[in-house]
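First up is the structure itself, then whatever we jot down about it.
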Amino acid sequence: MHGSHGDPAQQEDIETSSLQTRINEQSQLIKILKTNSDNASKRTLTLGNLIETQKLEKQLLEDRLHEEESKVAMLEKRFQQLASNHEEMIHIKDEYKSSMQKWLFISSKNCCRLQTLVQFFSCIFYSFK
């Protein structure tokens, strides 16, 4: 008179087999979760390193930008000085040109006076001969 459950040893083997199958399934799930966790940790570490590298590159670029801005400011200052010097040179040239014109005018007047004097003295000189 066996019950509908069968032999207790056989029943125990079925339960043990079922539990072993569940343990194996749980073990596989744990391995998958650990692999996923390891992969996520690697990605996080890689992204962290990438962020640090990007921060360093950003700082280098900001430093270069500051250097270039300083160079531009210096060049602009030098250009303004050159422009100022150029304007001063034009002013000096104009003054020189004006002075030369005055000198030539005075010189031509003096030349005329000198010619008049030479003629005058020539006349006097020849009149004494």
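Quantities reported herein were computed from a predicted structural model and do not represent experimental measurements.
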Open item on the list: I'd like to know if Glu62 and Lys58 make a salt bridge, using a cut-off of under 4.0 Å between side-chain N and carboxylate O.
Closed with: yes
- [ ] Any chance you could measure Ser27, atom OG, to Gln20, atom CD, to the nearest 0.5 Å?
- [x] 9.5 Å
- [ ] Output yes when Glu68 and Lys71 qualify as a salt bridge under the 4.0 Å nitrogen-oxygen rule, no when they do not.
- [x] yes
Open item on the list: Does anything in residues 88-105 form a salt bridge (Lys or Arg N to Asp or Glu O under 4.0 Å)? List the pairs, not counting sequence neighbours.
Closed with: none
Task: Cationic N near anionic O, under 4.0 Å, Arg64 to Glu67 - done: no
TODO: Decide if atom CE of Met89 counts as having more than 12 heavy atoms of other residues, nucleotides or ligands within a radius under 6.0 Å.
DONE: no
Open item on the list: Assigning hydrophobic clusters by single linkage (Ile, Leu, Val, Met, Phe, Trp, Tyr; side-chain heavy-atom cutoff under 4.5 Å), is Phe105 placed with Tyr96?
Closed with: no
Open item on the list: For the residue pair Gln59 / Asp63, report whether a side-chain donor-acceptor contact shorter than 3.5 Å exists.
Closed with: yes
Open item on the list: Does anything in residues 33-47 form a side chain to side chain donor-acceptor pair (under 3.5 Å)? List the pairs, not counting sequence neighbours.
Closed with: Lys34-Asp38
Open item on the list: side chain to side chain contact (heavy atoms under 4.5 Å, CB included) for Val72 and Glu76? Distances and angles first, verdict last.
Closed with: CA-CA 6 Å; Val72 166; Glu76 285 176 346; 3.8 Å; yes
TODO: Go through the steps for Glu25 and Arg22 under the test salt bridge (charged side-chain N to carboxylate O under 4.0 Å, His left out), then give the verdict.
DONE: CA-CA 5 Å; Glu25 288 173 355; Arg22 286 206 49 149; 5.3 Å; no
Task: From CD1 (Ile51) to CG (Leu56), nearest 0.5 Å - done: 12.0 Å
Open item on the list: Quick check for you: to the nearest 0.5 Å, what is the distance between Asn24 atom CG and Leu29 atom CG?
Closed with: 11.0 Å
TODO: Mind checking the CG-CG spacing from Leu65 to Leu60? Nearest 0.5 Å is all I need.
DONE: 12.5 Å
Task: Pairwise distance OG(Ser107) to CE(Met100) - rounded to 0.5 angstrom - done: 9.0 Å
Open item on the list: To the nearest 0.5 Å, what is the distance between OG on Ser84 and CZ on Phe79?
Closed with: 11.5 Å
